[in-house]
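In what follows, a structure is listed as structure tokens, so that the remarks can point back to it.
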There are 2 protein chains.
Amino acid sequence: MLPVCNFTCYRPVTPMSSRNSPTASVESKQEGSVAPRERIVSCAAELFRKFGIRGIGVDAIAEAAHTNKMTLYRKFRSKDDLLCETLRQVTQRAMVFWTELDQDDQKDAAAKLNSWVDFHVQRLEQEPGGCDLANAVVELRDIAHPAYGVVQEFKTSQRDRLAALCTAAGATDPNLLADTLSLLLEGARVNRQATGADGSSRRLRESCNATIKAFAPS
Amino acid sequence: MLPVCNFTCYRPVTPMSSRNSPTASVESKQEGSVAPRERIVSCAAELFRKFGIRGIGVDAIAEAAHTNKMTLYRKFRSKDDLLCETLRQVTQRAMVFWTELDQDDQKDAAAKLNSWVDFHVQRLEQEPGGCDLANAVVELRDIAHPAYGVVQEFKTSQRDRLAALCTAAGATDPNLLADTLSLLLEGARVNRQATGADGSSRRLRESCNATIKAFAPS
DNA sequence: GGACAGTGTTACCAGTCTGTAACTTCACTT
DNA sequence: AAGTGAAGTTACAGACTGGTAACACTGTCC
């Protein structure tokens, strides 16, 4: 019902033909080279995002990473294991935003809240595929799956951090503001997938700003 | 990676053993009986919801509907075709709310907006599986899929109706209010799937009320 | 009684999937 | 130069998938 055909996501550091040549060995020591495991994870993340977890096979992932299935299974116990690893990588990427925001002494809490909005509005435009974590849960539909734990932990931590920010910004009912903003963001991501760029998510920034204003101290 | 095993969703009108007996023919004329096509659609809707579109096979759907694969393929050209039909059924169920709301002369626009919130908060608690339409888009991840059109059309019509209601209620910037409420609802549904009942979706009603209040005419 | 449409049954095709086994080749270290 | 461990290659097992073909059965209507 959905033939998956073309998958070339990993930009080869060395072309396939010269991989076993001396040149390849040199390149493998240069800074541009990436270990098979990392290549697999980043390719898997991209292919899962593009075709869905069930929509792409391990063979295709290995091929895209310019390696093979056996190597993949030497690095990961199972496809589920690989999936969890890719999700953890996605969460780590998001954590960078928070640490950078924490270290920024120039902005006060209110300005940081605006940065949060900016960051996510920008990401919505750049990556219209929605939240990988939420997508995984929707696709798997199984609470017992190990990926579910990864997602739940991450989402909770994100909400807690946002709530702390709202508190610092002196919002009335900061927890409710954090919840509301979380829902707006999550909704915008899925809405963008379902109805495209011209749907309700188009004015996410204005929605967030109106919400923040409504919770401003009087 | 995810063995699908038990699927008994369609409450049997007649037990399998007596289906070809005279009793079965009598029962097939009673009001309790349902035509195979309808049984297939409702079973498919439930199983798609429970296991995902790719997580359940046509054979299992046919079995749950107490029929077989051949009959399924006589009624539907393909699994995709069946999927579209189930999604259309889901949209029709939601349309009932709007027609009832339109016909209600007791409530003014503001009260109807509250009804909208009530309706969806209630549905969120009753059906924690999220929006079937949005889930389908997330799972398929293919704009060319016929289901995408069904979803997009429905989501747009929902938003338009909500915007009309916000206009009637005299909201400042009714379109933005409709967008914001749409995002809140959509976000709550996916958030509930990803983080459970105690996540940010728990206070959806309060989030909506705060938002509506923020757009109230001064 | 007989045609007929709807349904059930069985078997099958061709493709895909995850995961494993056995073996070869390579690069690097000592 | 030898050895070691990581990676590539090939083949395969076992299960499942969507979809089709051919045929048997059943109740209904003329």
Side-chain angles (χ1 to χ4, degrees), chain A residues 1-5 7 12-14 16-30 33-40 44 47-48 51-83 140 145, chain B residues 1-5 7 12-30 33-40 44 47-48 51-63 65-83 140 145:
Chain A
M1 62 190 287
L2 190 140
V4 174
C5 358
F7 35 81
V13 269
T14 61
M16 202 57 172
S17 55
S18 66
R19 289 219 83 226
N20 294 333
S21 69
T23 338
S25 78
V26 171
E27 289 232 289
S28 72
K29 282 206 162 185
Q30 287 180 347
S33 84
V34 185
R37 193 192 145 94
E38 294 173 53
R39 295 205 312 261
I40 292 170
L47 291 171
F48 284 151
F51 299 106
I53 298 160
R54 283 208 172 93
I56 197 80
V58 286
D59 233 339
I61 292 170
E63 191 179 329
H66 287 99
T67 178
N68 52 52
K69 198 163 56 166
M70 269 315 300
T71 301
L72 190 152
Y73 274 101
R74 284 188 197 111
K75 304 295 178 189
F76 305 94
R77 257 180 305 181
S78 65
K79 187 184 182 182
D80 289 334
D81 195 30
L82 171 59
L83 171 64
L140 295 172
H145 196 286
Chain B
M1 65 186 285
L2 190 143
V4 174
C5 2
F7 34 81
V13 269
T14 61
M16 203 56 173
S17 57
S18 66
R19 287 222 84 219
N20 293 334
S21 71
T23 340
S25 76
V26 171
E27 289 232 289
S28 74
K29 282 207 160 182
Q30 289 179 348
S33 84
V34 185
R37 194 193 145 93
E38 295 174 53
R39 295 202 315 257
I40 291 170
L47 291 171
F48 284 151
F51 299 105
I53 298 161
R54 285 209 173 91
I56 197 80
V58 286
D59 232 339
I61 292 170
E63 190 179 330
H66 287 100
T67 179
N68 52 49
K69 198 161 61 166
M70 269 316 300
T71 301
L72 187 152
Y73 274 101
R74 285 189 194 110
K75 305 296 177 188
F76 305 94
R77 256 179 305 178
S78 64
K79 187 185 182 184
D80 289 334
D81 195 29
L82 171 59
L83 171 64
L140 295 172
H145 196 287

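Below, chain A is the first sequence line, B the second, and so on; all start at residue 1.
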Exercise for review: Scan side-chain atoms only and decide if A:Ser78 and A:Asp81 contain a donor-acceptor pair under the 3.5 Å cut-off.
Suggested key: no
Exercise for review: Map A:Ala35 and B:Gly57 onto DNA chain D by nearest heavy atom, then report which one ends up closer to the 5' terminus.
Suggested key: A:Ala35
Revision key, fill the gap. Between CG of A:Asp59 and P of D:dC12 the distance, given in whole Å, is 16 Å
Revision key, fill the gap. In short, A:Leu47 meets A:Ala60 closest at the heavy-atom pair CD1-O, 4.1 Å
Exercise for review: For residues B:Thr67 and B:Leu72, determine if any side-chain heavy atom of one lies less than 4.5 Å from a side-chain heavy atom of the other.
Suggested key: no
Exercise for review: Could you check how far NZ of B:Lys75 sits from P of C:dA5, rounded to whole Å?
Suggested key: 13 Å
Point to revise | A:Phe48 CZ - C:dC17 P separation (whole Å) | key: 12 Å
Practice item. Grab the CD-P distance between A:Glu38 and D:dA6 for me, whole Å please. Key: 16 Å
Check your understanding: Under 4.0 Å: is that the gap between some side-chain N or O of B:Thr67 and OP1 or OP2 of C:dT7?
Key -> no
Check your understanding: Between C:dA5 atom P and B:Arg74 atom CZ, what is the distance in whole Å?
Key -> 13 Å
Revision key, fill the gap. Rounded to whole Å, NZ of A:Lys69 lies from P of C:dC23 at a distance of 19 Å
Exercise for review: To the nearest Å, give me how far apart CG (B:Leu72) and P (D:dT17) are.
Suggested key: 14 Å
Revision key, fill the gap. On DNA chain C, more 5' by nearest nucleotide between A:Met70 and A:Val58 is A:Val58
**Study point:** Least distance between heavy atoms, B:Ile53 atom then B:Lys79 atom
**Key:** O-NZ, 2.8 Å
Review point. Taking the side chain of B:Lys79 as heavy atoms from C-beta outward, which of D:dG19, D:dG8, C:dT7 is closest to it?
Key: D:dG19
Review point. Think A:Thr71 has a side-chain N or O under 4.0 angstrom from the OP1 or OP2 of D:dG8?
Key: yes
Exercise for review: Output, in order, the C-alpha distance, side-chain angles, deciding distance and verdict of side chain to side chain contact (heavy atoms under 4.5 Å, CB included) for B:Leu83 and B:Phe76.
Suggested key: CA-CA 9 Å; B:Leu83 171 64; B:Phe76 305 94; over 6 Å; no
Exercise for review: Measure from CZ on B:Phe76 to C1' on C:dG6 and round the result to the nearest Å.
Suggested key: 15 Å
Point to revise | Closest listed nucleotide, where the reference is the side chain of B:Tyr73 and the choices are C:dG19, D:dG19, C:dG8 | key: D:dG19
